[in-house]
Structures are given as structure tokens and as C-alpha cells.
Amino acid sequence: MATFQSLPGFREFYPEDLARRNHIFRRWRQTAGTFGFAEYDAPVLEPLELYKTKSGDEIEAQLFSFKDKGDREVSLRPEMTPTVCRLVGAKANALKRPIKWFSIAEFYRYERAQKGRLRAFYQFNADIFGEPGPEAEIELIALLVQCLAGFGLTAEDFYVRLSDRDLWFFYLEALGFDDAQARELLGAIDRFEKMGDDAFKGYVEKFGGLTSDKKDAVLAFMKIRSLDALSAAIAPFAGEKLSARLADWCKVLDGLAAMGLGDFIQVDLSVVRGLAYYTGFVFEAFDRKGDLRALAGGGRYNDLIKKLGYPDLPAVGFAIGDVTTGLLLEQRGLMPNFVQAPDVYCVIGGEKERAAAFGDIHAIRAAGFRVDYPLKEVAFGKQFKAAAESGAKLALIYGADEVAKGVVKVRDLTERTEREVARADAVATVRDFFSGS
RNA sequence: GCGGUCAUAGCUCAGUUGGUUAGAGCACAAGAUUGUGAAUCUUGGGGUCGCGGGUUCGAGUCCCGUUGGCCGCCCCA
């Protein structure tokens, strides 16, 4: 038994695992490119203060934080948002708007690992800065959908729940709650799906009770699942603010529908997101079966960049995790089986023939084809077996007879046919074979 | 941080009321087989039975602790 293990919640990527990870990353990167997002990267290690400023001192319990040799308080990054806010904030006045950026990076959180949730994981992050209108939400939610649909997932497999913290605050204010009460209630709503009525215990303890008619009003708002129901619910409090907000909602839903993505979107006011810094639209992606935790989450955070000490810059963004995405793709049979098959496998008679084969092997590789061959002298029978098992389409046979004649035997491993070609034509023969197939 | 549950070969697992030197299949390697394909047969390497302690003449098996995995709670950027 091995003496050393990887740390809890950390993964090791054997070649097959890395092939799956790369498949996910490749699709994300390609999709973000088609949406006109530019890729960036940033340090893995950051000053601890960056996260405390953004999320409060309590966050330290969830961080991989420590003191470095220069006595600096540092932390491995638990998320990208503060970092990207710094990058954008530092050059806020020099960057062309809208700023559309994405990254694929590893993050670290000191928490108990569970299904779909590890201590080290990758996220695709996408953000739009400098656009206060709902057009940014359309663009980002469309990107989110395509980052999952690109794997072959459909509206049967996952959906995006869309909600709005601004509307919640308007509504709760109209019901007579102050700001502190409203924030506590949003926390309760966030937990309600899991805990039921117990979710309101914290509020009752803090503010000494919740009348049943007000609680019913909150629950009713939370159960809203359509735009019609939403506009009906806020109609009694109609005002300029609310009608403008409703217009934003129409814009987002109409825009996504015009892109053909209507089936992926579900109005769902029970989504509020745990974090306090979200300021408007918030959204989360889930699998339809509902046996996985969230696939992705995001929303608008217009005040955060200013809070970190930079110019006032509106922002909206989301992140998709690699763990849950991978689980869903496995569940739906959408994770391809990756085999590292060579294009060509060389069968080599003996040490004398090896030199001749080496010349061709290198030339064919230089021409861009994947070539493999046995490193040691092996019986012919074994080599043919190895050639078949390798998954190569073509075998090149360098036996004593062929080398003496100045030819190489080319065997089509699928058709089980073979012919001899002049050694000088070996590269051209391989190229022709693969350009024709 | 809390609770439940599990841990035997690279993988899946068997291992009797505690009893000799811990097994099988798959995988890997060698041979049968020095010129043609996923077969077959033979053979081999691989285990401090997660780790530490205890009970016992004797522990993979029973007890305690610990580490790790999985599931749930807290949290979820």
C-alpha cells in the first residue's frame, strides 16, 4: 500500500482522466471564443485580505490560507471574482467596453468534500464589465447555456433558473421589512428548498417573529414561476422603478427566446444566491433530474469593484464547475471514450531493419502523424497483435525481405489488406491514406 | 466542525464460530509462437489485509483509537 496519498479532496489526473478534463476545457474555451470573450489568467496565490474585504472575516475558515516566509497572510484562490475585479478595476478606464472576459482555472476551498464538491476543482468563469443593462445578462446566460449544450446536453437535461434580488428587495420593502430584515429573509429563502419552515428560524430569533400573512406573502413570491405571475404579484405596488424592472425582465426573456433558448430558462424566484454582494439578476443551472448540486451559478454584482477600491463599474458573471459537469456528462453517456490511438504502428523485423524503420518513423512523425512502434525486439505475432490493439489504422511492416527490396509493406488494419510501396514513398502513402479517409 | 457508513492485489470481490504459508476473476508481464490480429493453454510479478494499539496460545476476522473514501448536516463565492 502506498505510503503517500494525495490530500483529501484533491484529484490526480491519470491520462484517461486528463483526457476527459481536457475535453471539457476545450469545449468551454471554444464556446467562449465564439461569443467573443477573451481569455485571461491570474495568480493562484493572493493576499488573504482580498477575500476578507470581499466576503468578510468569516470566510477565512473556508480558505486554504497561511503565512508565507515573508510573513504575509496569503490564501489560495477560492474563486476568481475578486481577482478579475482587481484586473479589470486597475485598468478600468483604459479597457474598451464592453469588457467580455473568461478564464479556466483551479480553485481551492477548505471544506468537507462531498459528491460534486471537492477541495480543489476547476471553474470556467465568464464576466461582462461595463454594461449595466440586461443585454449583458442575455449574453452571459446564452453563453452559460451553450457551455453545457455544447456537449450535447439538451433542455431535457438541464435548465437555468432566473431570479432577481432587486425585485426581492423592492417587494420586501413594500411589505414593510427594513434592509437588515430583508437580507435575513433572503438567507431563509435560499435555505427553504432544503430545510422547509425551519429556514425561517434564524429570522424569528433575530427579529422576534413573522406574522403569518407576511410569511405567506414571502412564500407566495418565492413560488413564482412565470413572468405573468411576477407582474401580477408586483402590480399592487406599481411604480416607475418596478415597471422599469419588469421591462428588463421582458428584455432578458425575449432575447433568450429569440436565440432559441427559451426552453432552457425557468423563471424561479426561489433562487436568491447565498452571497450578499449580488445586486440584480441571479441565476443557477441545474440538471433536470435534480440529483446533482448546482452546475453553475452567477449574477450581477454592480457594487463589488467599487468596494474593492476601484472605479464604479457594473458587472455580471457566472462560473461553471468541472466536477458536476463531468458527473452529468458521465450520467448521460456524453463523455466520449478517449483512446490515445496512434495513426500508424510499425512492425519491425529485427535490429537490422530497425534502422531503416527509424528513418521513416521520424519522417512520418515530422509530417504530423502519430506513429508508434515496439521499443524492444518482439516476435512478429506479438507485434501484429500490438498493432491491432493500439487502435492504429495502418501498420507499416519492416521485415528483412522488405528492407532488402527497398520497400515497406503497408497493411490496412481495418480492411486487412496489404500492399508494398517503395520506401521513398512511405510518407506520401501515409498522407494519402489519411487524407482520403 | 458534527453524524452515519465503509476500508483485503492496479480494479471487482471471496475469506466459515478467531486456527497452518490470505485466494479468485479481470488487468499487467513472460512463454507456447523469428512473418500476420482481440482466441487458447502454461507460467510469473505483485498484499506490512489502510495505519496504530489492545484482547488472545493464536487476529484479515473481536475491541479501542486514528487516517482516508462515500453519504448527510453546517457552508456553498
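Chain identifiers are assigned alphabetically (A, B, ...) following the order of the sequence lines, protein sequences preceding nucleic acid strands; residue numbering begins at 1 within each chain. Hydrogens, waters and symmetry mates play no part in the numbers below; they use all other heavy atoms, side chains included.
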Less than 3.5 Å apart, which donor and acceptor atoms pair up between the side chains of residues 392-407 of chain A and the rest of the protein, not counting sequence neighbours?
{"from": "A:Tyr398", "atom 1": "OH", "to": "A:Asp360", "atom 2": "OD2", "distance (Å)": "2.6"}
{"from": "A:Glu402", "atom 1": "OE1", "to": "A:Gly399", "atom 2": "N", "distance (Å)": "3.1"}
{"from": "A:Lys405", "atom 1": "NZ", "to": "A:Glu420", "atom 2": "OE1", "distance (Å)": "3.0"}
{"from": "A:Lys405", "atom 1": "NZ", "to": "A:Glu420", "atom 2": "OE2", "distance (Å)": "3.3"}

Are the side chain of A:Glu79 and the backbone of A:Phe107 linked by a donor-acceptor contact shorter than 3.5 Å?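 Not confirmed, A:Glu79 side chain does not pair with A:Phe107 backbone.
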Counterpart residues, ring pair (Phe, Tyr, Trp, His ring centres under 6.0 Å), relative to A:Phe358 (two or more places apart):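 Residues passing ring pair (Phe, Tyr, Trp, His ring centres under 6.0 Å) with A:Phe358: A:Tyr373.
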A:Tyr310: ring pair (Phe, Tyr, Trp, His ring centres under 6.0 Å) partners, not counting sequence neighbours: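 A:Tyr310: no ring pair (Phe, Tyr, Trp, His ring centres under 6.0 Å) contacts found.
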For residues 31-54 of chain A, which residue pairs pass the ring pair (Phe, Tyr, Trp, His ring centres under 6.0 Å) check, not counting sequence neighbours?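 Sorted pair list: A:Tyr40-A:Trp101.
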Is a salt bridge present between A:Asp164 and A:Arg245, judged by a nitrogen-to-oxygen distance below 4.0 Å?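 Salt bridge flag = yes for A:Arg245 with A:Asp164.
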Every protein N/O lying under 3.5 Å from an N/O of nucleotides 30-33 of chain B:
none

Using a 4.0 Å cut-off on heavy atoms, which residues in [range] reach RNA chain B? List them by number, or say none.
| range | value |
| --- | --- |
| residues 103-138 of chain A | A:Arg109, A:Glu111, A:Arg112, A:Gln114, A:Lys115, A:Arg117 |
| residues 6-24 of chain A | A:Pro8, A:Gly9 |
| residues 301-328 of chain A | none |

What about [X], does its side chain sit under 3.5 Å from the base of [N] through a donor-acceptor pair?
| X | N | answer |
| --- | --- | --- |
| A:Arg416 | B:U36 | no |
| A:Glu377 | B:U34 | no |
| A:Arg411 | B:G35 | no |

For the residue pair A:Phe124 and A:Trp28, categorise the inter-ring angle as parallel (less than 30°), tilted (30 to 60°) or perpendicular (more than 60°).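 Answer is tilted, since the angle falls between 30° and 60°.
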Between [atom2] on [N] and [atom1] on [X], what's the gap in Å once rounded to a whole number?
| X | N | atom1 | atom2 | value |
| --- | --- | --- | --- | --- |
| A:Leu186 | B:A77 | CG | P | 13 Å |
| A:Lys385 | B:A38 | NZ | C1' | 7 Å |
| A:Asp190 | B:C75 | CG | P | 9 Å |
| A:Glu60 | B:G1 | CD | C1' | 16 Å |

By side-chain hydrogen bond (donor to acceptor under 3.5 Å, both in side chains) - contacts of A:Arg365 (at least two apart):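 Applying side-chain hydrogen bond (donor to acceptor under 3.5 Å, both in side chains) to A:Arg365 gives none.
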A:Arg109: which residues meet the side-chain hydrogen bond (donor to acceptor under 3.5 Å, both in side chains) condition with it, sequence neighbours left out?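 So A:Arg109 forms no side-chain hydrogen bond (donor to acceptor under 3.5 Å, both in side chains) with any residue.
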What residues, two or more places apart in sequence or in another chain, satisfy side chain to side chain contact (heavy atoms under 4.5 Å, CB included) together with A:Ala94?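 Partners of A:Ala94 by the side chain to side chain contact (heavy atoms under 4.5 Å, CB included) criterion come out as none, since no residue qualifies.
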If pairs are Watson-Crick or G-U with both distances under 3.5 Å, what is the dot-bracket string of RNA chain B, marking crossing pairs with [ ] and pairs to another strand with |? (((((((..((((.....[...)))).(((((.......))))).....(((((..]....))))))))))))....
Proximity to the side chain of A:Leu63 - top-ranked nucleotide from B:A39, B:U36, B:A77: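 Among the listed nucleotides, the one closest to the side chain of A:Leu63 is B:A77.
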